[in-house]
Amino acid sequence: MVKILVDTGFILGMVVVILLLYYRKRSHNNSHVLLAISIFCITYLLFTNQLNVSRKMLDYPIFARTGNIPGYLVIPFLYLYTRNSFYPGITWRRRDWLFFLPALFYIIDLLPFFLADNDYKIAVMKANLDNPARMRRI
C-alpha cells in the first residue's frame with residue numbers, strides 16, 4: 001500500500017512539475033518556476049527514499065546520498081515562491097544566496113563520497129541498508 005502511495009506521489013509530482021513549466025511559458029511571472037523546482041525537489045526525495053526502501057539503491061549507486069540535497073532546497077524555493085507571489089516586484093536579493101548554503105555545505109562535505117567509485121558507494125549503502133538503526137541515527 002505504501003509503495004502505491006509513493007509511486008502515485010512520484011508520478012503526480014512529475015505531472016505537476018511539467019504542467020507548471022508549461023504554464024510558465026505562457027506567463028511572465030517566474031514564481032511558477034520556483035514552485036516547480038520545489039515540487040521537483042520533493043519528488044526527487046520520494047524517488048531516493050523509494051530506492052532506499054526497495055534496496056534498489058545498490059543497483060543505482062549514483063543516487064546514493066543525493067536525496068538530502070533537494071531536502072535542503074525545498075524550503076528556500078517555497079519561501080521564494082511565496083515571497084514572489086505576495087510581492088511580485090521582488091525578484092532576487094543578494095542575501096537570498098544564503099538560503100543555499102546548507103546544500104552547498106552538504107555537497108562539499110560529501111564530495112569525496114560523490115566522486116568515489118561505485119564499488120565503494122555500494123559497500124557503504126549495503127552496510128547502511130543492512131543496519132536500519134544506523135541510518136536513523138543522527
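In what follows, every heavy atom counts, from backbone to side chain, and hydrogens, waters and symmetry copies are set aside.
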Give the intermediate values and the outcome of salt bridge (charged side-chain N to carboxylate O under 4.0 Å, His left out) for residues D130 and R55. CA-CA 10 Å; D130 288 341; R55 297 183 63 92; 2.9 Å; yes

Pair L35, L78 - check side chain to side chain contact (heavy atoms under 4.5 Å, CB included), show working. CA-CA 6 Å; L35 181 62; L78 282 176; 4.2 Å; yes

With side chain to side chain contact (heavy atoms under 4.5 Å, CB included) as the test, would you mind laying out the steps for V74 and L45 before giving the verdict? CA-CA 10 Å; V74 170; L45 284 168; 4.2 Å; yes

Let me see the working for Y44 and T66 under side chain to side chain contact (heavy atoms under 4.5 Å, CB included), right down to the final yes or no. CA-CA 9 Å; Y44 188 78; T66 59; 2.6 Å; yes

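With a 6.0 Å radius and a threshold of 12 heavy atoms from other residues, nucleotides or ligands, F114 has its CZ atom above the threshold. Residue F113 qualifies as enclosed at atom CZ: its count of foreign heavy atoms under 6.0 Å is above 12. The number of heavy-atom neighbours closer than 6.0 Å to CZ of F100, taken from other residues, nucleotides and ligands shown, is above 12. Residue I62 qualifies as open at atom CD1: its count of foreign heavy atoms under 6.0 Å is 12 or below.
There is no path of hydrophobic side-chain contacts, each under 4.5 Å, that joins W97 to L104. Each of L101 and Y79 belongs to its own hydrophobic cluster when Ile, Leu, Val, Met, Phe, Trp and Tyr are linked at side-chain heavy-atom distances under 4.5 angstrom. Side-chain heavy atoms closer than 4.5 Å link hydrophobic residues (I, L, V, M, F, W, Y) into clusters, and following such links, even through other members, never connects F105 to I107. Hydrophobic cluster membership is shared by I108 and L98, with clusters built from Ile, Leu, Val, Met, Phe, Trp and Tyr side chains linked at under 4.5 angstrom.
You'll find the ring centres of Y72 and F99 outside the 6.0 Å limit.
In plain terms, the two heavy atoms of C41 and L73 that are nearest each other are SG-CB, 4.1 Å. In plain terms, the two heavy atoms of A36 and V17 that are nearest each other are O-CG2, 3.5 Å. Nearest heavy atom pair, residue M57 against residue T48, reads CE-O, 3.9 Å. Here the shortest heavy-atom pairing between L46 and G9 reads CD1-C, 3.9 Å.
Between R65 and V124 there is a side-chain heavy-atom pair separated by less than 4.5 Å. In this structure the side chain of I39 never reaches within 4.5 angstrom of the side chain of F77, judged on heavy atoms. Counting only heavy atoms from C-beta outward, the side chains of M125 and L51 never approach each other to under 4.5 Å.
The structure places CZ of F47 at 10.0 Å from CE of M14, a figure rounded to the nearest 0.5 Å. Once rounded to the nearest 0.5 Å, the distance linking CD1 of I75 with CG of L80 reads 11.5 Å. The distance from the CG atom of L12 to the OG1 atom of T43 is 9.0 Å, given to the nearest 0.5 Å.
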